[in-house]
Amino acid sequence: MNKSILIGRLGKDPQTRNFENGSVTTFSLATSETYKDRSGNRQEKTEWHNISFWGKQGEIVAKYFKKGDSILVEGRIAYREYEKDGRRCLITEIQCSSFEFLAKSGANRSPEIEVADDDDLPF
C-alpha cells in the first residue's frame, strides 16, 4: 500500500496550471517535529514536501489556502523525472486524493464544499 498522511503548513501559495485534460495545483508543505537532543536541549527539524492536487480539489485548495496555512493532506508518494538544461531532474511528491482544513488560531476557515468522487481523479 502506498499511502501518506501529512499535517503541516504551506510553504508558498498554491499554484494552478491548466492543461487540455484538466488542471494541477501544487505547493510545498513543511512538516516539523520537536525533540530533545542528548544534552536535553529542545531541537526542531523541518522537512519539506512537494504536494499536488488534480482537478476540482486542487481548485478548492488554491481558492481557500495561502502560504502559512495549516492543512492535512492524504495521498500517495510518486516519483517523476524530467530534463532541464540537459540535466536529469528527479522529483518526489505526494499526489493527494483528499485534504482537511485545519483552523487557524481563533478562526474556523472550513467552508461547506462538495468535492467530486474519487472516480474523477486521474490516478
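Because the structure is predicted, anything quoted here is derived from the model rather than measured. Numbers for residues simply follow the sequence, beginning at 1.
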For the atom pair OG (S97) and CZ (F53), what is the distance rounded to the nearest 0.5 Å?
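These two atoms lie 8.0 Å from each other.
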
At what distance, to the nearest 0.5 angstrom, does OG1 of T26 lie from CD of E93?
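Result: 8.5 Å between the selected atoms.
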
Which residues share a side chain to side chain contact (heavy atoms under 4.5 Å, CB included) with E81, sequence neighbours left out
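Applying side chain to side chain contact (heavy atoms under 4.5 Å, CB included) to E81 gives R88, L90.
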
Any residue meeting side chain to side chain contact (heavy atoms under 4.5 Å, CB included) with E59, in chain and number order, not counting sequence neighbours:
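With sequence neighbours excluded, E59 shows a side chain to side chain contact (heavy atoms under 4.5 Å, CB included) to S23, K56, given in chain and number order.
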
Please check if the side chain of T25 supplies one atom and the backbone of T16 the other of a donor-acceptor pair under 3.5 Å.
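Not at all, since once roles are kept as given, no pair shorter than 3.5 Å links the two residues.
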
Distance-only donor-acceptor pairs under 3.5 Å for side chains of residues 35-42, two or more places apart:
residue, atom, partner, partner atom, Å
D37, OD1, S39, N, 3.0
D37, OD1, G40, N, 3.0
D37, OD1, N41, N, 2.8
D37, OD2, Q43, NE2, 3.2

Do [X] and [Y] come within less than 4.5 Å of each other through their side chains, counting heavy atoms only?
X	Y	result
V73	L29	yes
F99	L72	no
F101	I71	no

Would you name the heavy atoms of [X] and [Y] that are closest together and state the gap between them?
X	Y	answer
A62	P14	CA-CB, 3.9 Å
K67	D13	N-OD1, 2.7 Å
D69	F65	OD2-CA, 3.5 Å
S28	W48	OG-CZ3, 3.8 Å

Name all residues meeting the side chain to side chain donor-acceptor pair (under 3.5 Å) criterion together with R17; count only those two or more places apart in sequence or in a different chain, and write none if there are none.
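R17 satisfies side chain to side chain donor-acceptor pair (under 3.5 Å) with no residue once adjacent residues are dropped.
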
Listing, residues 1-11 side-chain donor-acceptor contacts under 3.5 Å, not counting sequence neighbours, or none:
residue, atom, partner, partner atom, Å
N2, OD1, I77, N, 2.9
N2, ND2, I77, O, 2.8
K3, NZ, E74, OE2, 2.8
R9, NH1, G68, O, 2.8
R9, NH1, S70, OG, 3.1

Going by side-chain heavy atoms closer than 4.5 Å, which hydrophobic residues are tied to Y82, directly or by a chain of links?
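Members alongside Y82: I91.
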
Is it the case that H49 and T31 place a side-chain donor and acceptor less than 3.5 Å from each other?
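Yes, T31 and H49 have a side-chain donor paired with an acceptor closer than 3.5 Å.
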
Going by atom types alone, do T46 and S32 pair a side-chain donor with an acceptor below 3.5 Å?
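A donor-acceptor contact under 3.5 Å links the two side chains.
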
